A.B. asks: 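Right, I'll just put the structure down here and ask away after.
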Number of protein chains: 2
Amino acid sequence: MLFYIAKRDRIMTPARLWSLGGMDAVGDGVTRWRRVADGIRAAIGDGTVADRLPPEAELAERFGVNRHTVRRAIAALAADGLVRAERGRGTFVSGGAPRLAYEIGPRTRFSENLLAQARRPGGRMLRAAIVPADAETAALLDCAPGTDLHRVESIREADGVPLSVATAWYPAARFPGLVAALVETGSVTEALRREGLADYRRRETRVTAERLSAADAEHLSSSADGLVLVARAVNVDLSGRPVQALVTRFHADRTELVFRS
Amino acid sequence: MLFYIAKRDRIMTPARLWSLGGMDAVGDGVTRWRRVADGIRAAIGDGTVADRLPPEAELAERFGVNRHTVRRAIAALAADGLVRAERGRGTFVSGGAPRLAYEIGPRTRFSENLLAQARRPGGRMLRAAIVPADAETAALLDCAPGTDLHRVESIREADGVPLSVATAWYPAARFPGLVAALVETGSVTEALRREGLADYRRRETRVTAERLSAADAEHLSSSADGLVLVARAVNVDLSGRPVQALVTRFHADRTELVFRS
DNA sequence: TCCGGTTGTCTAGACAATTAGACAAGCGAG
DNA sequence: CTCGCTTGTCTAATTGTCTAGACAACCGGA
């Protein structure tokens, strides 16, 4: 099936909820051209559309919108470099970069992960501070709430393209010079080693999906409002003691998380 | 930090790019009230807002929008049952159900997974057909493209609430009576056992995020346009031979995928 | 009872999104 | 070249979104 054929009544803003105590609420907050763009993007993503898009008139009919709306959707995709329209010929998929397969396992190391795929790892630290542990983080790190933690926020890149923004918490008492070591080495593994931690491994990873916030969008240099894969992880030392709580927000258009059993 | 304080210029739809060779592309296709709603949702999600929301006037200022826009956002959240506005008192978070932690490992079994969390598993088959393997699926199942496959689409529920839509492919020659067995038993594990497969395990899982398509939204009975976590997996028999390719689309608001190492 | 704070409702205007129809411009095949 | 098909451009009208301001209704405490 080529593209989902939206029924007009469905994609249209339904006028329900009117009698519900006076609320304006009508549409779903996403414009039609955006929906169409997402639909086309998905069709390209899963290979339903390989090379050439159906003509605008046909797309308009399939999605149940006006041709101008389709054009706007295509313009957005073209601005992202995903398709390329040629007058008189058609609109063509210009093979976008495939998603980076970020493998997560017991020994997840950012740099190694990227180098294994011939991508150049990079990144920079955004902020570092010492903060008291909130209840949730304390539970993850198996410490008392209020304990001093390093909170380190950073950006990670592949071939210079922002891939994720990560926030990490470390027990400050155990790793006093951590931030300096992170700045100096640029590597979590190496910085922890300097602080006396020979090795660590990942205990668990919890994955959810969210919309890209405006703040993250800036960091990830994402034009369209995209999605993020949120990976919440805990890394432990060899005795099983937590050494790092990690929340990584991966750019969903550029990343795929891989778990092997 | 309570809520992201969007600068007016940022959240506003910028009117640049008009003269850029005739592309309509301007805004991001997401309305402001939707952004505000997502912002509040996120703040509720990560615990920044526990019980009561700041007053509408304050929210309006923080997000840099008019109070009416905030009201519309809140109306949308209220329609989803996430908050509850009380005239004269304030707007309160009405504790939504926590995400179901769906654990994925070598032995991922839907029913066991849910029962382990005291949730009642359910579901139904949507469609079943025999289709020729496309290149991608053939690669996953380690068979020749064009090979006959069972393609089974189904919905899975927790306590009667739709959790995911899944599409599975099985080699038809190896499991001739599979669909009948699935219909009869309602269990993949049991159906495969009847077809002579004693046990299977998961080889790998690849996770991405997408927007909920209109078709999926209907199946997952989601009012707002939500997100899905897409898990692409391969299950193999004990000799390592693929027996099932699986694409599961989890409702992102209701699910969290858990991987232990 | 009064008063400050909060949500609910209404009007009006500016601007963006969408539809509709028409036509120009370019491509490729017969 | 001519014809059919496709993308590019334009105008006009309609509908949706957002802002602005004002006021009503309601709650809780002083």
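Because the structure is predicted, anything quoted here is derived from the model rather than measured.
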A.B. asks: Over how many whole Å does the gap from R34(B) atom CZ to dT17(D) atom P extend?
C.D. replies: 12 Å
A.B. asks: Distance-only, no hydrogens or angles: does the D80(B) side chain make a donor-acceptor pair with backbone N or O of L82(B) under 3.5 Å?
C.D. replies: no
A.B. asks: Could you tell me the separation between the CD atom of E61(B) and the C1' atom of dT19(D), rounded to a whole number of Å?
C.D. replies: 15 Å
A.B. asks: Distance check needed: dA13(D) C1' versus N66(A) CG, whole Å only.
C.D. replies: 13 Å
A.B. asks: Scan nucleotides 4-7 of chain D against the protein and return all N/O pairs shorter than 3.5 Å with their distances rounded to 0.1 Å.
C.D. replies:
residue, atom, partner, partner atom, Å
dT6(D), O2, G88(A), N, 3.4
dT7(D), OP1, T91(A), N, 3.4
dT7(D), OP1, T91(A), OG1, 3.3
dT7(D), OP2, E56(A), N, 3.0
dT7(D), O4', G88(A), N, 3.3

A.B. asks: Any donor-acceptor pair, under 3.5 Å, between the side chain of H68(A) and the base of dG8(D), if you only look at N and O atoms?
C.D. replies: no
A.B. asks: Does the side chain of D134(A) pick up a donor-acceptor pair with the side chain of T137(A) at under 3.5 Å?
C.D. replies: yes
A.B. asks: It should be established whether T69(A) places a side-chain nitrogen or oxygen under 4.0 Å from OP1 or OP2 of nucleotide dT19(C).
C.D. replies: yes
A.B. asks: Counting distance only, does the side-chain N/O of R52(A) pair as donor-acceptor with the main-chain N or O of R89(A) below 3.5 Å?
C.D. replies: yes
A.B. asks: Distance check needed: dT7(C) P versus R84(B) CZ, whole Å only.
C.D. replies: 13 Å
A.B. asks: Using a strict 4.0 Å threshold on nitrogen-to-oxygen distance, state whether E210(B) and R41(A) make a salt bridge.
C.D. replies: no
A.B. asks: For the pair made of CH2 in W33(A) and P in dA16(C), what is the distance, rounded to whole Å?
C.D. replies: 14 Å
A.B. asks: Show me, pair by pair, the donor-acceptor contacts under 3.5 angstrom made by side chains of residues 153-168 of chain B, not counting sequence neighbours?
C.D. replies:
residue, atom, partner, partner atom, Å
E153(B), OE1, R127(B), NE, 3.4
E153(B), OE1, R127(B), NH2, 2.9
E153(B), OE1, R151(B), NH1, 3.1
E153(B), OE2, R127(B), NH2, 3.2
D159(B), OD1, R120(B), N, 2.6

A.B. asks: Could you tell me how far apart L59(B) (CG) and dT19(D) (P) are, to the nearest whole angstrom?
C.D. replies: 14 Å
A.B. asks: Rounded to the nearest angstrom, tell me the gap between atom CZ in R35(B) and atom P in dT19(D).
C.D. replies: 13 Å
A.B. asks: With distance as the sole test, does R32(A) use its side chain to make a donor-acceptor pair with the main-chain N or O of V70(A) at under 3.5 Å?
C.D. replies: no
